[in-house]
2 protein chains.
Amino acid sequence: MARVTQADVARAAGTSMAVVSYVVNGGPRPVAEATRQRVLAAIEQTGYRPDGVARALVGGSTMTLGLIVPDIANEFFAELAAAVEQAARAAGRTVLLANSEGDASTELDLLDTFLQRRIDGLVIVSQAPAAADRLLNRAKTRHVFLGAAPESAASIGVDNFGGAVAATRHLLEHGHSRIAAIAGPAGDHVAEARLAGWRHAVAARPTAGRVRFVQHPFTVTGGYDAALALLNPSPLAPGGPASGASIFGRSGPAGARVRPQAVFASSDRQAIGLLRAAADLGLSVPDDLAVVTFDGSSISAYAVPALTTIQQPIAEMAELAVRQLIDPDPQPLRAVLEVGLVVRRSCGCPPAHL
Amino acid sequence: MARVTQADVARAAGTSMAVVSYVVNGGPRPVAEATRQRVLAAIEQTGYRPDGVARALVGGSTMTLGLIVPDIANEFFAELAAAVEQAARAAGRTVLLANSEGDASTELDLLDTFLQRRIDGLVIVSQAPAAADRLLNRAKTRHVFLGAAPESAASIGVDNFGGAVAATRHLLEHGHSRIAAIAGPAGDHVAEARLAGWRHAVAARPTAGRVRFVQHPFTVTGGYDAALALLNPSPLAPGGPASGASIFGRSGPAGARVRPQAVFASSDRQAIGLLRAAADLGLSVPDDLAVVTFDGSSISAYAVPALTTIQQPIAEMAELAVRQLIDPDPQPLRAVLEVGLVVRRSCGCPPAHL
DNA sequence: GTGAAAGCGCTAACAC
DNA sequence: GTGTTAGCGCTTTCAC
């Protein structure tokens, strides 16, 4: 018993393939009710399932959306993937997933593969937006960038600057004046925007005194190292990561540093590293050190203490992206979504429960 | 400029479609080197990319593997997905991902969709193994179950019992005698195996006195609730989840309970909830309460204190699964992989660093 | 070594 | 309302 095809159904129903197609697809031609029933019965009886591959070949659409992220094991992207898959499924689409591993050339290879698979559209957190955009345009494949994106392409981003400002201000409102920052890698678009937001907020209170920031990867170890650089009374060992200068001038010799009262961490993962470093240094969060972070991934809620964070609207991003990809006539999209402050324990606000 | 097809290339190279196919696929017939070069040039010049859909229609294979998990946002499954995608990519396959949301009927729908897409094989963490197996067998689609699986199907599991024994023994070795357990939901295959392991280990030391366990979902809140039930001196509010009896007889009235010195948590997520509950109750981990957990997902390393855990060999599972799916002649597979104890801080062992 | 042609399973004109 | 038929882009037999 090989694959059941439309021809088999047609035979069983005593009709033609075309009619079978019409009832399966509800068109484009009408079918008499009686015939319809016979076909339905035949489908039932034969166990026929339309072949998506053949369908895609003739019809044009594969009903498949691609998703490329740097690392699906990262909770932020995992949550994004879950949201995209859900939105796609709700729209009857299936999603092809791949990790670029943060590597531009891997990403381009992946794109090639997806294009050969004739995906209908792509959601991408890109390492090489310009190149990706070019490739996708040439293939006439719809796509939306999340985060970094070329000017002319559809994209969805969040207000990184505004979020960082809000986070830092919240710390300011707690009465802290020495608020340091753990920034993302230099040159990263998102990292720079968040750093700028922090800068903007602390600059508003010149009494803030010596304010410092360090630039580290968006990882747990990145946050750990950053925290050590920020919190350690002694200077870093040679070869350690570079510290940023105070915005009020170069900070004094390490021995003279005043410990920050609070830290704005640019990502949840970094904040997790910071928490560990604080624990290692015997510092209590939020009593000795207040912390606000950015992302709002589930990890921030699980941490002890729970992290006050700037929440990204992941579900909204996913829905918007999917909608854009399947919209019959899509408008140019260049969304910047609002982020919200989620107050939990790490900033020093009163405890709330799970 | 529409899609570039093989015919275009053939025309440009002054040859036939068949020859183009031969050079693209390196067979099945030989091609003269000179012709080959002309074809290659034509491909380059036209920007031809083979169409995967058409290829799949005739060839049979879509070079696509499916992955169905309950929830990709769960770090354990996210890590699994990353590993599966990586293994698949290394083998030239692409992965179609979907979330069953822990729901059997959603899972079956998903299966249907994947089958229509003609996936070559499927890796599944199933909610309805028997039904899924039947469907997949009927469609002659290869598949491997992770975790719960029908007897006759290919499956990969881990030694849940042995892992739980090792975890509990480690706690015993720390000198604790009152070791409670947070089990997964009753009826869950994996949960039962881990619970049995804990039982086995504590039974070996009858001096353990009153040992208790509670059954809760494999979630952070499940762990939180479980911890409250285990650690609170006062009885639970009415309507709270049921507590298991002591294996040495029903435990006494709540007021008379002795607080456990240690807890074996059946999953990392539950342990995270436990950590939070302990903090809320003013209990220090590991000083007041030692903890060992199960899974070894990244979250366990990030927690403060870092969690001592039973690590599942995720990469190995993924590689084994993918290999099984693409193996030209697959042997029946019924693997039970070993798990390892990863010692960190939560059990009371001396601190180690990030 | 190369090419013509027969499908893979389906949809959608286009006739009837 | 229903059936015939021409492809969709590709692989692969089979002749030359």
Side-chain angles (χ1 to χ4, degrees), chain A residues 1-40 42-43 46-64 115-120 139-141, chain B residues 1-40 42-43 46-64 115-120 139-141:
Chain A
M1 132 204 161
R3 177 165 257 279
V4 179
T5 80
Q6 226 177 40
D8 300 322
V9 178
R11 202 169 310 121
T15 177
S16 73
M17 283 173 57
V19 173
V20 176
S21 174
Y22 299 152
V23 350
V24 168
N25 303 307
R29 314 290 329 258
V31 174
E33 184 55 26
T35 323
R36 219 179 75 83
Q37 291 307 335
R38 255 185 308 130
V39 171
L40 256 18
I43 287 178
T46 55
Y48 168 73
R49 296 275 142 222
D51 181 324
V53 176
R55 246 176 169 165
L57 182 58
V58 49
S61 163
T62 53
M63 298 298 268
T64 301
L115 256 16
Q116 288 194 23
R117 297 278 200 284
R118 280 218 214 167
I119 53 169
D120 291 345
K140 299 194 199 326
T141 299
Chain B
M1 131 203 162
R3 178 166 256 281
V4 179
T5 79
Q6 224 176 43
D8 299 323
V9 178
R11 203 169 310 121
T15 175
S16 72
M17 285 173 56
V19 172
V20 176
S21 175
Y22 299 152
V23 349
V24 168
N25 303 306
R29 314 288 330 258
V31 173
E33 185 53 26
T35 321
R36 218 178 77 83
Q37 290 307 336
R38 255 186 308 130
V39 171
L40 257 17
I43 287 178
T46 55
Y48 169 73
R49 297 273 142 223
D51 181 325
V53 175
R55 244 175 170 167
L57 182 57
V58 47
S61 164
T62 53
M63 298 298 268
T64 301
L115 255 16
Q116 288 193 25
R117 296 277 199 286
R118 281 219 213 164
I119 53 169
D120 291 345
K140 301 196 200 318
T141 298

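Just so it is clear: chains get the letters A, B, ... in the order the sequence lines come, proteins before strands, and each one is counted from 1. Computed over heavy atoms, backbone and side chain alike; hydrogens, waters and symmetry mates excluded.
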Report yes if the side chains of A/Gln116 and B/Met63 come closer than 4.5 Å at any heavy-atom pair, otherwise no. no
For atom CD of B/Glu33 and atom C1' of C/dT2, their distance in whole Å: 16 Å
Please state how far atom OH in A/Tyr22 lies from atom P in D/dG3, giving the value in whole angstrom units. 10 Å
Looking only at D/dT11, D/dG1, C/dA12, the nucleotide nearest the A/Arg29 side chain is D/dG1
A/Arg3 vs A/Asp51 side-chain heavy atoms within contact, under 4.5 Å: yes
Rounded distance (Å) that lies between atom P of C/dG1 and atom CD of B/Gln37: 15 Å
Rounded to whole Å, how long is the line connecting atom CZ of A/Arg117 with atom P of D/dC10? 14 Å
At 10 degrees resolution, what angle do the end axes of the helix from C/dG1-D/dC16 to C/dC16-D/dG1 form when each is taken over five base pairs? 40°
Do B/Val53 and A/Thr62 touch side chain to side chain, with heavy atoms closer than 4.5 Å? yes
Strictly under 3.5 Å: I want the nitrogen or oxygen pairs between protein and nucleotides 5-9 of chain D, one per line.
residue	atom	partner	partner atom	Å
D/dC8	O2	A/Val58	N	3.4

Can you identify which nucleotide, out of C/dG3, C/dA12, C/dT11, has its nearest atom closest to the A/Ser21 side chain? C/dT11
Taking the side chain as every heavy atom from C-beta outward, state whether B/Tyr48 and B/Val24 have any pair of such atoms under 4.5 Å apart. yes
Is there a side-chain contact between B/Thr64 and A/Arg117 in this structure, where contact means two heavy atoms from C-beta onward sitting under 4.5 Å apart? yes
Tell me, do B/Val19 and B/Arg38 make a side-chain contact under 4.5 Å, heavy atoms counted? no
Does OP1 or OP2 of D/dT2 have a side-chain N or O of A/Thr35 closer than 4.0 Å? yes
Separation between CZ of A/Arg29 and OG of A/Ser21, rounded to the nearest 0.5 Å: 12.0 Å
Rounding to a whole Å, what distance do you find between B/Arg11:CZ and C/dG3:P? 14 Å
Please examine the side chains of B/Arg11 and B/Asp8, heavy atoms only from C-beta on, and report whether any two atoms are closer than 4.5 Å. yes
Would you say that A/Val20 contacts A/Thr15 through its side chain, given a criterion of any heavy-atom pair below 4.5 Å between the two side chains? yes
